[in-house]
J.: 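Following this message is one structure expressed as structure tokens.
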Amino acid sequence: MIATEQARYEELYTRHLRALKLQGKRDKTIDSYARAVRRVSSHFDCCPDQLTIEQLEVYFADLVDSHSWSTVKIDRNGLQFFWKYVLKTDWQWLNIIKVPKVQTLPDILTLNEVERLILATHQLRYRVFLLTTYSMGLRLSEALALQVGDIDAQRKQVHIRRGKGHKDRFVPLPDLTYHALRSLWQKHRNPCWLFPNAVGSMESVAQATSHMDRGGAQAAMKAVVTQCGIKKKFQFILYGTASLLICLSKA
């Protein structure tokens, strides 16, 4: 882009980020919607407000060939948000992209497979993280965001904050999970995070101001899945949690 075009793009992009924040979008949504604007701008090397319907039709046709429908849908929503809240213009050409409706069922790990995963995880923080996630039925982001103050040992429950739909909820805290979390915390003693960002010495971990990296947690889990020879596309879904806890407590 020429200098004037680049300056206008940066101003619009900044407004886009501000609008996403003011609309209460989650960090992951902000990243995805911002990436959609960056991608289309980089593709045409111009501000997206200059694009025609024909150009966008060609762009999304190419995107369908090179990316998943999930990415196409996210980019469509991201640009729709940009047009509505930044350019103050309705997306008249929304119907040019119709994502096919596909219903899929996740692979459910068996009780034995989950037990193998947790027992095969050697690093304490990842082992406790897996146990916490599975035993309480948490999403990855929910488990990562757990703080010391979320644990109510007396009532044996955990306060999950800003879960799906930005809603809080309470979930039961199994005894084994509580003791595992307490044991982990006693090693790092971070005043805020149960799973602090583990970079550097134990002293640095104790002073970490952010939780464990999402990508690192995912990579660790995938490595254990590969090690255990499990071919399923694993999800954080578990049936028979009580039986699992009994098995692990005897291990």
Side-chain angles (χ1 to χ4, degrees), residues 1-108 138-142 144-145 162-167 210 213-219 221-222 225-226 231-237:
M1 299 183 200
I2 61 176
T4 54
E5 183 86 351
Q6 181 67 33
R8 193 170 93 260
Y9 164 75
E10 290 176 358
E11 193 272 333
L12 290 174
Y13 184 73
T14 300
R15 285 167 54 191
H16 182 55
L17 294 178
R18 184 167 61 241
L20 287 165
K21 183 177 181 180
L22 291 174
Q23 288 293 316
K25 299 298 184 183
R26 298 173 66 111
D27 290 343
K28 188 175 180 181
T29 301
I30 291 176
D31 289 342
S32 299
Y33 282 17
R35 188 185 307 116
V37 173
R38 293 198 305 271
R39 197 196 322 263
V40 74
S41 300
S42 175
H43 182 84
F44 290 102
D45 194 30
C46 71
C47 277
D49 63 332
Q50 301 296 312
L51 300 175
T52 65
I53 293 177
E54 289 73 24
Q55 285 177 305
L56 288 164
E57 285 179 345
V58 172
Y59 171 75
F60 275 104
D62 291 341
L63 199 64
V64 168
D65 291 335
S66 59
H67 292 73
S68 67
W69 272 108
S70 176
T71 299
V72 174
K73 182 179 179 180
I74 291 172
D75 276 29
R76 183 199 67 182
N77 293 344
L79 293 184
Q80 182 182 2
F81 185 96
F82 179 81
W83 252 256
K84 180 177 180 179
Y85 291 99
V86 178
L87 303 182
K88 311 296 183 182
T89 304
D90 289 335
W91 240 42
Q92 300 297 336
W93 40 278
L94 180 63
N95 289 332
I96 68 173
I97 309 158
K98 290 187 177 180
V99 179
K101 294 182 179 181
V102 178
Q103 286 190 329
T104 59
L105 294 175
D107 290 331
I108 306 299
L138 303 182
R139 295 175 177 81
L140 179 65
S141 58
E142 293 172 342
L144 286 171
R162 292 177 62 81
K164 187 174 182 180
H166 299 273
K167 296 180 180 179
S210 60
D213 177 65
R214 181 187 181 93
Q218 288 177 319
M221 292 175 198
K222 289 179 181 178
V225 169
T226 301
K231 304 300 182 181
K232 296 177 180 178
K233 295 181 179 180
F234 71 101
Q235 302 284 337
F236 291 117
I237 298 174

J.: Which residues pass the side chain to side chain contact (heavy atoms under 4.5 Å, CB included) test with I2, not counting sequence neighbours?
T.: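 I2 satisfies side chain to side chain contact (heavy atoms under 4.5 Å, CB included) with T4, E5 once adjacent residues are dropped.
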J.: To the nearest 0.5 angstrom, please state how far the CG atom of L17 sits from the NZ atom of K25.
T.: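 Between atom CG of L17 and atom NZ of K25 there are 14.0 Å.
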J.: Please round to the nearest 0.5 Å and tell me the distance separating atom CD of E11 and atom SG of C47.
T.: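 With rounding to 0.5 Å, CD (E11) is 9.0 Å from SG (C47).
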J.: Does any non-hydrogen side-chain atom of L79 lie less than 4.5 Å from one of Y33?
T.: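 When only atoms from C-beta onward are counted, L79 and Y33 do not touch, as no gap falls below 4.5 Å.
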J.: Taking the side chain as everything from C-beta on, heavy atoms only, tell me whether L12 gets closer than 4.5 Å to L87.
T.: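 Of all side-chain heavy-atom pairs linking L87 with L12, at least one is under 4.5 Å.
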J.: Between R35 and I74, is a side-chain contact (heavy atoms from CB on, under 4.5 Å) present by the stated rule, with each step listed?
T.: CA-CA 9 Å; R35 188 185 307 116; I74 291 172; 5.8 Å; no
J.: Please report the interatomic distance CD(Q55) to CZ(F44), rounded to the nearest 0.5 Å.
T.: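 Taking CD in Q55 and CZ in F44, the distance rounds to 5.0 Å.
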J.: Can you tell if the side chain of V37 reaches within under 4.5 Å of the side chain of S41, non-hydrogen atoms only?
T.: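 Side-chain contact under 4.5 Å: yes.
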J.: Give a yes or no on this: more than 12 heavy atoms of other residues, nucleotides or ligands lie within 6.0 Å of atom CG of D27.
T.: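 Count not over threshold, so no.
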J.: Do the side chains of L20 and Q23 get nearer than 4.5 Å, heavy atoms only?
T.: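 No. Closest side-chain heavy atoms not under 4.5 Å.
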J.: Would you mind reporting whether L63 and D75 have side-chain heavy atoms less than 4.5 Å apart?
T.: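 They are in side-chain contact.
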J.: Less than 4.5 Å apart, any side-chain heavy atom of P48 and any of L51?
T.: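 SC-SC contact between P48 and L51 confirmed.
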J.: For the atom pair CE (M1) and CD (Q50), what is the distance rounded to the nearest 0.5 Å?
T.: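 These two atoms lie 10.0 Å from each other.
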J.: Which residues pass the ring-ring contact (aromatic ring centres under 6.0 Å, His included) test with F82, not counting sequence neighbours?
T.: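 With neighbours one apart ignored, the set is H16.
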J.: Can E54 and Y59 be said to form a side-chain contact (heavy atoms from CB on, under 4.5 Å), step by step?
T.: CA-CA 9 Å; E54 289 73 24; Y59 171 75; over 6 Å; no
J.: For the atom pair OH (Y13) and CD (Q6), what is the distance rounded to the nearest 0.5 Å?
T.: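 Answer for the OH-CD pair, Y13 versus Q6, is 12.0 Å.
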J.: Side chain of S32, backbone of K28: donor and acceptor closer than 3.5 Å?
T.: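 Indeed, once roles are kept as given, a pair shorter than 3.5 Å links the two residues.
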J.: Looking at CG of L56 and CZ of R76, how far apart are the two atoms once the value is rounded to the nearest 0.5 Å?
T.: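 Between atom CG of L56 and atom CZ of R76 there are 13.5 Å.
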J.: Give the minimum heavy-atom separation between R26 and S141, together with the two atoms involved.
T.: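 Smallest interatomic distance, heavy atoms only, reads NH2-OG, 3.9 Å.
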J.: If only atom types and distance count, is the side chain of T71 paired as donor or acceptor with the main-chain N or O of H67 below 3.5 Å?
T.: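 No, T71 side chain to H67 backbone: no donor-acceptor pair under 3.5 Å.
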